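Worksheet for the structure shown next.
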There are 2 protein chains.
Amino acid sequence: MVTGKSTILDVARIAGVSTATVSRALAHPDRVQQATRDRVMSAVRKTGYRVNPVARNLRTQRTNVILVLAPNLANTFFSRILSAVTEVAASHGFGVLIADSAPLGDHDLDVMDLSGDGRADGIILLDGALDPLRVTNTDLPLVMACEWIEDSTLPTIAIDNVQGARLAVEHLSALNHHRIAHIAGPVGNVLSTARHDGWRSAMQALDHRIEQNDYFAGDFTLGSGVSAARQWLAQPADQRATAVFCASDECAMGFIGHVTRQGLRVPDDVSVVGFDDIDLSEHFLPSLTTIHQPRRRMGARAAETVIRLIRHENTAGADAAPLPVELVVRGSTARR
Amino acid sequence: MVTGKSTILDVARIAGVSTATVSRALAHPDRVQQATRDRVMSAVRKTGYRVNPVARNLRTQRTNVILVLAPNLANTFFSRILSAVTEVAASHGFGVLIADSAPLGDHDLDVMDLSGDGRADGIILLDGALDPLRVTNTDLPLVMACEWIEDSTLPTIAIDNVQGARLAVEHLSALNHHRIAHIAGPVGNVLSTARHDGWRSAMQALDHRIEQNDYFAGDFTLGSGVSAARQWLAQPADQRATAVFCASDECAMGFIGHVTRQGLRVPDDVSVVGFDDIDLSEHFLPSLTTIHQPRRRMGARAAETVIRLIRHENTAGADAAPLPVELVVRGSTARR
DNA sequence: ATCGCCCATGTAATCGTTTACATGTAGAGT
DNA sequence: ACTCTACATGTAAACGATTACATGGGCGAT
C-alpha cells in the first residue's frame with residue numbers, strides 16, 4: 001500500500017500466480033477461480049497496484065478516451081457543450097480530455113501532436129480555423145461540432161446560423177426597425193460568415209437598405225461590443241441604426257453596457273439582439289433577446305457520433321441536418 | 001503518405017537503416033550523418049510516419065503533459081486560469097489536458113483513472129472537494145490551485161479569501177452600511193467557508209451585529225443569486241440588510257438582475273459586492289464592485305510549481321504565501 | 001479403467017518506441 | 001604498419017500490460 005509504483009509482476013509474485021492470471025482476475029473475474037481471485041485482490045491491495053494505462057493502451061490499441069479540441073476555453077459558450085459531451089461519453093464508458101486548440105494554430109504542431117495517434121480513440125473538434133490538411137492527417141474518427149471546415153467531408157454537428165441571423169432580423173423588422181446594424185464576429189470564422197450572410201440576405205429579403213455605417217467589425221468578445229458601441233455613438237444621433245444584431249451574446253452585452261453608461265437606454269433608444277443564449281443572457285439587464293443554440297444537444301450528438309465512428313457502427317442517419325435554432329424574445333428589444 | 005498507420009519499422013526498412021537510427025534521426029539529428037538523416041526524412045515523408053506517443057511514453061516514462069482537473073468547466077471563472085496554465089506549460093515544452101473532475105466525485109474512480117499513472121507527468125487540481133485519500137494516492141506531482149484540501153500538505157496556490165471578504169465588508173461599512181448580508185457558496189466548499197468566515201469576523205471587528213436573516217445559502221451560481229434575492233425581497237422593506245456581499249460575481253449578478261427587475265435600484269436601494277472579478281463584471285449594469293483575483297498569476301504559478309516538481313527542481317521558495325486580492329470599486333455600491 | 005473435454009492457469013509473443021551496449025570503420029598519432 | 005579514438009550504425013533489451021496458445025488436472029461417459 002505504500003510503494004505506489006508496483007507493476008502487475010509484483011502483484012503476481014505476491015499472489016503466487018502469473019501475470020496473466022492477475023490481468024484476468026482484474027479484467028474478467030469470472031474466468032479465474034474464487035480462491036485465486038481473492039489472493040490476487042489481496043495482493044493488489046497490499047501493493048497498491050494500479051494498472052498502467054499507457055501500457056494497456058499500447059497493448060490493446062484503445063484508450064477509451066475522447067479528446068475535445070476547443071478554440072478558446074475562455075469563451076463561456078463551450079462549457080455546456082463540454083459537460084454534455086462528458087456525460088454522454090461517460091455513459092458509454094469513455095473518458096473525456098479537453099485541450100485548447102489555440103497552440104495548434106501557432107506552432108507547427110498538428111492535431112496528433114496533442115491527441116497522439118494513440119492517446120485518444122476519437123476527436124471532437126470545435127475549432128473551424130484549423131488547417132484542414134492538418135486535421136485530416138489522422139486515422140482517428142473525428143467529428144466537428146459548432147464550427148466546421150468548408151469543403152471538408154467531416155461529419156459535422158452544427159446549427160443553422162443563417163437561419164438564426166434571419167430570425168433576429170425579422171424580429172427587429174417586425175418591431176418596425178429598418179436600420180438594423182450588425183456587429184460581426186472575427187473575419188474568416190465560419191460562424192461569423194454565416195451570421196453575416198444571414199443578416200445581409202434577410203435585410204435584402206425585407207427590402208431594408210444596408211447603410212455603409214451599419215456594419216461593425218468584431219470578434220465575439222465583450223470588448224468588441226464596447227468598441228462597436230463607441231463607433232455607433234460617434235455617428236450623428238439621427239443617422240444611426242435603431243437596432244443592432246450582434247454575432248454573440250457577449251458582444252451584445254458589451255454594446256449594451258457601453259451605451260447605457262453613456263446615458264442611452266436599451267431597448268428604448270436602441271434594440272439589441274444577441275446570439276448563443278448563454279446562461280447570463282436571461283439575467284442581464286435588460287435581459288437579452290437572443291438566438292438560442294441547443295448546446296447540450298450539440299454536445300451530446302457530437303459525442304454519440306464520434307463514439308459510433310469509434311465502434312464502427314453504422315453512422316448513416318439524420319445527423320446531416322443542422323440543429324434548429326430559436327428566437328428568445330426578452331427585454332433588450334422593443335417597438336420603435 | 002497515404003497509409004497513416006506506419007511504424008518506425010516501416011520507415012527503417014524504406015530508409016534501409018535500423019529503427020534505432022530512425023529514432024535518433026528524429027530525436028537527435030546531430031548524431032546521425034547528413035546523408036542517412038536525409039534518407040530517413042524522406043522515408044518519413046513517404047510513409048506519413050508519426051511517432052506513436054503511447055509507445056514513447058511507455059518507454060521513456062514521460063508524457064510532457066500536465067493534467068488539469070477542474071470541478072466545473074461551466075464556471076467561467078476557470079477559463080483564464082486555464083489559459084495561463086497552457087501558456088506557461090507550452091513555454092516549458094509541456095502540453096495541457098483538462099478534465100472535468102465531477103465524474104471523479106460520483107463514481108468509484110479516483111484521480112488516476114483519468115490521469116493514468118502514465119498519462120500525465122503532473123496534475124493541477126482545482127477541486128478541493130475531492131476525497132484527499134484518493135487524491136494523494138498517486139506518485140505524480142500534484143499541486144492544488146484556487147481551492148485546497150484542509151489538513152493536507154499539498155503545495156497550494158491560492159488567494160487570501162478571508163482577507164477578500166474582509167475588504168468587501170470594510171468597504172461597505174465605510175459607506176455607512178451596518179446590515180451587510182452574505183450570500184454564501186456551496187456548503188463544504190473551502191472557498192465558501194473562508195469567505196463566510198471573513199465576512200463574520202469582519203462584521204464582528206466592526207461591531208456590526210449579524211442578524212439571523214442576513215445569511216443566505218447559495219452555490220456560486222446565477223440562480224442562487226436570484227433565489228437569495230427572492231428571500232431578501234420577501235423580508236419587510238425596513239428590516240432588510242442594506243448591502244449584500246456575495247461569494248461570487250455570478251451570484252451577485254443573479255441578485256442584482258432579480259431585484260432590479262422587481263423595481264429596486266442598485267446601488268441606490270441596495271449595495272452589492274461580488275467576488276472574483278470575472279470579465280463581465282466591468283461591463284455589467286451596474287458595473288460590479290468586487291474582489292479581484294489574479295487568475296492569470298494563479299494559473300501561471302500553479303504551472304510553474306508543478307513543472308518544478310516534475311523536474312525535481314528545488315521547490316522551496318515564496319510559494320507558500322497566498323496571492324494578494326484587491327477591492328475593485330465600481331458602480332454597484334454607494335453610500336447609504 | 002480409459003478416453004476426451006473443459007476449465008484454470010502458465011508461457012511467451014506482442015504493442016511501438018528508446019537507448020545501453022556491441023560492432024565496425026576511418027583517420028590520427030606514433 | 002599498428003594501435004587508439006571517435007564516430008556512425010546496428011542489436012537487442014527494456015517499458016508494463018493483454019491474450020493466443022500450450023499445459024495439465026479433474027471428471028463424466030463409455
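Each chain gets a letter, A, B and so on, in the order the sequences are listed, and its residues count up from 1. The structure displayed is predicted, hence computed values, not measured ones.
- Nearest nucleotide to the side chain of B/R24, out of C/dG16, C/dT9, C/dT19: C/dT19.
- Checking D/dA12, D/dT19, D/dG16 against every side-chain atom of A/A20, the shortest atom distance belongs to D/dT19.
- With hydrogens and angles ignored, the 3.5 Å screen pairs a side-chain donor or acceptor of A/S6 with a backbone N or O of A/T47.
- Checked against C/dT18, C/dT9, D/dT11, the side chain of A/T21 finds its nearest nucleotide in C/dT9.
- In this structure, the nucleotide among C/dT11, D/dA17, D/dT9 sitting nearest to the side chain of A/Y49 is D/dA17.
- Within the 4.0 Å cut-off from OP1 or OP2 of C/dT9, at least one side-chain nitrogen or oxygen of A/Q33 is found.
- Between the side chain of A/S192 and the backbone N or O of A/P186, at least one donor-acceptor pair lies under 3.5 Å.
- Looking at the side chain of B/V32, the nearest of the listed nucleotides C/dG10, D/dT9, C/dT19 is D/dT9.
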Requested in this report: Test B/N57 against B/T63 for side-chain hydrogen bond (donor to acceptor under 3.5 Å, both in side chains), laying out the working first.
Outcome: CA-CA 5 Å; B/N57 295 342; B/T63 62; 5.6 Å; no
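- The side chain of A/R59 lies closest to D/dT18, out of D/dG10, D/dT18, C/dG16.
- As rounded to whole Å, 17 Å separates atom C1' of D/dA17 from atom NZ of A/K5.
- Rounded to whole Å, atom C1' of C/dC15 lies 16 Å from atom CZ of B/R56.
- Between A/T36 and C/dA8 there is no side-chain polar atom (N or O) within less than 4.0 angstrom of OP1 or OP2.
- In this structure, A/L9 places its CG atom 10 Å from P of D/dC15, rounding to the nearest Å.
- The CG atom of A/D10 sits 14 Å away from the C1' atom of D/dC15 (whole-angstrom rounding).
- For C/dG16, the OP1/OP2 oxygens have a side-chain nitrogen or oxygen of A/Q61 closer than 4.0 Å.
- Base contact: A/S23 has a heavy atom under 4.0 Å from a base atom.
- Straight-line distance from the CG atom of B/L58 to the C1' atom of C/dT19: 14 Å, rounded to whole Å.
- Of the possible polar contacts, none joining the B/R62 side chain to the B/D121 backbone as a donor-acceptor pair under 3.5 Å is found.
- Put simply, CD1 on A/I8 is 12 Å from P on C/dG10, counting in whole angstrom units.
- One can place NE2 of A/H28 at 12 Å from C1' of D/dA20, the figure rounded to the nearest angstrom.
- Residue-to-nucleotide proximity on DNA chain D shows that, of B/D30 and A/T7, the 5′-proximal contact is made by B/D30.
- Distance alone, capped at 3.5 Å, is enough to place a donor-acceptor pair between the B/T305 side chain and the B/R301 backbone.
- Around atom CZ of A/R31, no more than 12 heavy atoms belonging to other residues, nucleotides or ligands sit under 6.0 Å away.
- For A/N52, taking side-chain heavy atoms from C-beta onward, the closest of the listed nucleotides D/dA17, C/dT17, D/dC15 is D/dA17.
- Per the geometry, CG belonging to A/L26 stands 16 Å off P belonging to D/dG16, to the nearest Å.
- Of the candidate nucleotides D/dA17, D/dC15, D/dA12, D/dA12 has the atom nearest to the side chain of B/T19.
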